[in-house]
Engineer: 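Below is one structure. I have some questions about it.
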Amino acid sequence: MAIPLALAVLIGLGLGSRPPPGLIEGLGLLALPVLALRKPAGWLPLAALVGVTVSLLLVRGAGLPEGLIREDLAVEGRLVAVAEESRLTRLTLEVTACRPLAEGRPDCDRLRRVRLSAFEAPPMELGERWALTARLRPPAGFANPHTFDYAAWLWREGIQATGYVRREPPPRRLAESVPGLRERALTHLADQGLPPRAERWLSALTLGAGERLTADDWALLNASGTTHLMVISGLHVGLVAGFALLLGRGAARVVTPGRWRLAVWPWWLAGAAAAGYATLSGLEPPALRALVMALVGLWVASGRHAPGPWQGWWLALAMVLLLDPLSAWRPGLWLSFLAVALLILAWQGRPRPRGARGWLWALVRTQLLLAPLMAAAVLLAFARLAPAAPLVNLVAVPVVSSLLVPLGLLGWLLAPLPPLSALCWWLFAYLAEALARWLEAAVVWLPLWLPEPALVAPLAICLGLVALLWVLPGLTGLLRAAGSLALAAVTMSLAPSGIPHGQLEVRVLDVGQGQLVELRTAGYRALYDAGPRFASGFAPVDVLWPPGQRFDEVIVSHDDIDHAGGVPVLAERHRVGRFLAPPGETIGVPFAQCLRGQAWERDGVRFRFLWPPRETAALTSNDRSCVLEATAGGQRLLITGDVGRQVERAFLLDAETPVTLLVAGHHGSHTSSGPQLVQWLTPSHVVYSAGRRNAFGHPHDEVVRRFRAAGSCQWSTALDGALTFRLGGGAGRPVDSLRRQPWRWGGVGADCLALESP
């Protein structure tokens, strides 16, 4: 029943995440004939399907009602995560009570978990219960290509709303935290005087305290492909279970020497040890997944009325998803199950290794077989590749599994004997520092590679097929090698070519209530604006690209925080040829002036400024904005910054027509995009760079109606995410839209958003 059960769970995940109309009625009709069979083989998969579907529907239905957005809510709950960032504290709250302060508003008592930002908050600790006044909004994130999907992270963490804590009335502590065993263990560890890195790694490896790792730790682990070793995973839970099993069977051999092989209790002891260790680490989703896989693995290995390896694999997958349906959206789950599936393929039917040489070769072979598949999975999940991973893991896996984890756990077992415990942990610290030096050297030699976005999918497919070639039984070595070379050649041939000469790629990025446009030709890369910086200090440009990017020019329309907020990040983390900004503005870095009449050409694409004039003293900051026109072939782009209608009329006659793509002025505000500009330019496409559910009502309904009357296709980063256009090579339609909403599958014209007034 393992496979039908797992398939039923997977179908339930699909139905619950995207429920079709009449779902509940359909499940009820399906249940009637199945329940009439009165056989577990019929009703158990159905029960699993219904259970998963209903649990996801409950999660979806527990969201924040639209009528409570930006309303003051009285919220009570327990803190399950606290992270301090300068003046800001980020909180995750398990909600026990919620009510709107204003009368006549919808209820919010279905909320179960929210994420909040608190500015200059009083000291807060995990486990405390607090009463807060908060303003919330439905969970959402920016939708940009090949970046961290914050909205997906909120979904899989079960967070149903985000927002901030109001200062008045001030937060009120309802109950102090009661430290659990894990918290007391972390406190004990902090008192041991270990080197900082050793303390962090020991906390993560033995107690699952991944939050103790610093950004530098994660950067090193990511670059070396060893993140799987530094969290509570199947490796660590399996080691504990294996050690307990070895200990139990040894004891059984002494107690009942004639029947020790038939003893059942050592297997129960191993399962109990695995469960205790996973519970001690907090039983977070990775630890829960590892525990289920370890328990099923013990059952399969015991041979007592046990399923086969593949049945066990399907059963473990079904159980994990039943216990935590949201884990289906965690890349770690699929990485784990892919790795186990490959190991089953690689070792099923093979004899057990013998002797030190046999086990050493088994380790090397396993790592070499896992490397391409894991690289493919990481590529698809995170768009990065650690070339050092295969070599590093040959050393890191045995060091961590055979030395670091046993020493760390032994230190805890010997905690009642402080000298022996300290000896174990100081040996751990010495080995951890040596391993860290080895990882740093390997990363310098083979640094983390971030492939071009369009190369990610074909390269991942190639790596996955190479892994399959080498793991499938019955193939000759020559065939495996030839197939691998052929796959590599095909992948290289599929690598996308660059932007052709004479074409311009325009990407309007989703940065919330702000603006950032990337412009690229065959050999030129520029930015128009740098995006906003929020009150928390976060700038979206910080997560759009890895450090070290090269931009020939960064044009800052004016010094408003919505447009220039990311300038410090660009100056610090990237290489910028020059900054341009209007005269009279201050953007925090030296810049050349953008002035009316300036023009240049790159790769057959012509750029010029239509505004501002040299004298700008009489103009407001908005009206000094750099107005940029770009022409590729017979198609044109126009970006007007935040200029108002009067300035639009001043440069309108200088603008060439027709305009293919217009980035609407001032995010779609009614102060811009006047009737004269719309009627004269009649742009084919209009993009509003605006934040989702922004407080300003952008784009304004008057502006939306005006462009609709002109026949323009209208797009909004708030609804569509990042939008990419290619000018000079066709009709100028978007080649990419990151946030496809269900209501966008229709529209006005061909692939054109029917944007309605807010």
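Given the structure is predicted, the values throughout are model-derived calculations rather than measurements. All values below were derived from every heavy atom in this structure, side-chain atoms included, with hydrogens, water molecules and symmetry-related copies excluded.
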Engineer: Show the nearest heavy-atom pair for residues W265 and G248, with the distance to one decimal.
Structural biologist: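 W265 and G248 have their closest heavy atoms at CH2-O, 3.3 Å.
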Engineer: Please verify the inter-ring angle class for H188 with W412; under 30° counts as parallel, over 60° as perpendicular, anything in between as tilted.
Structural biologist: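 Tilted: the ring planes of H188 and W412 meet at 30° to 60°.
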Engineer: We want to know whether W438 and S224 form a side-chain donor-acceptor pair, criterion being a heavy-atom distance below 3.5 angstrom.
Structural biologist: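 Looking only at side-chain atoms, S224 and W438 do not form any donor-acceptor pair under 3.5 Å.
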Engineer: Could you list the residues that satisfy side chain to side chain donor-acceptor pair (under 3.5 Å) with Y150, not counting sequence neighbours?
Structural biologist: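 Per chain and number, Y150 pairs via side chain to side chain donor-acceptor pair (under 3.5 Å) with R115.
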Engineer: Any side chain to side chain donor-acceptor pair (under 3.5 Å) involving residues 4-13? Give me the pairs, sequence neighbours left out, ordered by first then second residue.
Structural biologist: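 Applying side chain to side chain donor-acceptor pair (under 3.5 Å) to every pair that reaches into residues 4-13, excluding sequence neighbours, yields nothing.
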Engineer: Just how far is it from atom CD of E199 to atom CD of Q192, taken to the nearest 0.5 Å?
Structural biologist: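 The CD atom of E199 sits 9.0 Å away from the CD atom of Q192.
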Engineer: Quick one, W267 and R249 - any side-chain contact, counting heavy atoms below 4.5 Å?
Structural biologist: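 The answer is yes; the side chains approach within 4.5 Å.
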Engineer: Is there side-chain contact between L79 and L93, with heavy atoms separated by less than 4.5 Å?
Structural biologist: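 Yes, at least one pair of side-chain atoms sits under 4.5 Å.
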Engineer: Starting at CD1 of I3, measure out to CH2 of W310 and round the result to the nearest 0.5 Å.
Structural biologist: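 Result: 10.0 Å between the selected atoms.
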Engineer: Which pair of heavy atoms, one from A274 and one from V237, lies closest together, and at what distance?
Structural biologist: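 Result for this residue pair: CB-CG1, 3.7 Å.
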Engineer: Walk me through it: do V405 and V400 pass the test side chain to side chain contact (heavy atoms under 4.5 Å, CB included)?
Structural biologist: CA-CA 6 Å; V405 172; V400 171; 3.9 Å; yes
Engineer: If you round to the nearest 0.5 Å, how far is CG of L154 from OG1 of T92?
Structural biologist: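 CG of L154 is found 9.0 Å from OG1 of T92.
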Engineer: Applying salt bridge (Lys or Arg N to Asp or Glu O under 4.0 Å), can you list everything that pairs with R113, at least two apart in sequence or on another chain?
Structural biologist: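 For R113 the salt bridge (Lys or Arg N to Asp or Glu O under 4.0 Å) partners, ignoring immediate neighbours, are E94.
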Engineer: Apply side chain to side chain contact (heavy atoms under 4.5 Å, CB included) to residues W299 and L295 and explain how you reach the verdict.
Structural biologist: CA-CA 6 Å; W299 186 23; L295 293 177; over 6 Å; no
Engineer: Which heavy atom in R289 sits nearest to a heavy atom in S336, and how many Å separate them?
Structural biologist: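 Between these two residues, the closest heavy atoms are NE-OG, 3.3 Å.
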Engineer: Do you know which two heavy atoms are closest between Q160 and V59, and how far apart they sit?
Structural biologist: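 Distance-wise, the nearest heavy atoms are NE2-O, 4.2 Å.
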Engineer: Nearest 0.5 angstrom please: L221 CG to W201 CH2, how far?
Structural biologist: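 The CG atom of L221 sits 6.0 Å away from the CH2 atom of W201.
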Engineer: If you round to the nearest 0.5 Å, how far is CG of L423 from CG of L427?
Structural biologist: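 Answer rounded to 0.5 Å: 5.0 Å.
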Engineer: Carefully, step by step, assess T187 and D191 under the rule side chain to side chain contact (heavy atoms under 4.5 Å, CB included).
Structural biologist: CA-CA 7 Å; T187 302; D191 296 334; 4.2 Å; yes
Engineer: If you take all heavy atoms of A244 and L269, which pair is closest and at what distance?
Structural biologist: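 Shortest heavy-atom contact: O-CD2, 3.7 Å.
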Engineer: Does G51 offer a backbone N or O that forms a donor-acceptor pair with the side chain of S55 under 3.5 Å?
Structural biologist: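 Pair found, side chain donor or acceptor close to backbone of G51.
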Engineer: Would you call L126 and S177 a side-chain contact if the rule is heavy atoms closer than 4.5 Å?
Structural biologist: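 Contact flag for L126/S177 side chains = no.
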Engineer: Evaluate the side chain to side chain contact (heavy atoms under 4.5 Å, CB included) criterion for residues V443 and V392: first the C-alpha distance (whole Å), next the side-chain angles of each, then the deciding distance (0.1 Å), finally the verdict.
Structural biologist: CA-CA 9 Å; V443 167; V392 163; over 6 Å; no
Engineer: Kindly indicate whether the side chain of L298, heavy atoms from C-beta on, has any atom under 4.5 Å from the side chain of W268.
Structural biologist: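 They are not in contact (no side-chain heavy atoms under 4.5 Å apart), so the answer is no.
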Engineer: Please give me the minimum heavy-atom distance between L5 and P45, naming the atom from each residue.
Structural biologist: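 Result for this residue pair: CD1-CA, 4.2 Å.
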Engineer: Excluding sequence neighbours, so at least two apart, what forms salt bridge (Lys or Arg N to Asp or Glu O under 4.0 Å) with E157?
Structural biologist: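 For E157, the residues satisfying salt bridge (Lys or Arg N to Asp or Glu O under 4.0 Å) (neighbours in sequence not counted) are R330.
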Engineer: With sequence neighbours excluded, tell me which residues meet salt bridge (Lys or Arg N to Asp or Glu O under 4.0 Å) with R200.
Structural biologist: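 In terms of salt bridge (Lys or Arg N to Asp or Glu O under 4.0 Å), with neighbours along the sequence ignored, R200 is linked to D217.
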Engineer: Restricting to side chain to side chain donor-acceptor pair (under 3.5 Å), what partner residues turn up for W334, sequence neighbours left out?
Structural biologist: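 Per chain and number, W334 pairs via side chain to side chain donor-acceptor pair (under 3.5 Å) with no residue.
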Engineer: Heavy-atom distance under 4.5 Å between the side chains of L321 and L333, does that happen here?
Structural biologist: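 The answer is yes, as the side chains (C-beta and beyond) meet within the 4.5 Å cut-off.
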Engineer: With side chains defined as the heavy atoms from C-beta onward, is the minimum distance between V52 and L322 less than 4.5 Å?
Structural biologist: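 SC-SC contact between V52 and L322 confirmed.
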Engineer: Against L404, only a single residue in V399, L202, L409 fulfils side-chain contact (heavy atoms from CB on, under 4.5 Å); can you say which?
Structural biologist: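 Testing L404 for a side-chain contact (heavy atoms from CB on, under 4.5 Å) against V399, L202, L409 leaves exactly one candidate, V399.
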Engineer: Side-chain contact, heavy-atom cut-off 4.5 Å: W314 with V9?
Structural biologist: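 Not touching, per the 4.5 Å side-chain cut-off.
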Engineer: Indicate yes or no: at least one non-hydrogen side-chain atom of V320 is less than 4.5 angstrom from one of F337.
Structural biologist: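 Side-chain contact under 4.5 Å: yes.
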Engineer: How long is the span from the CG atom in L410 to the CG atom in L414, to the nearest 0.5 Å?
Structural biologist: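 Rounded to the nearest 0.5 Å, the CG-CG separation comes out at 4.5 Å.
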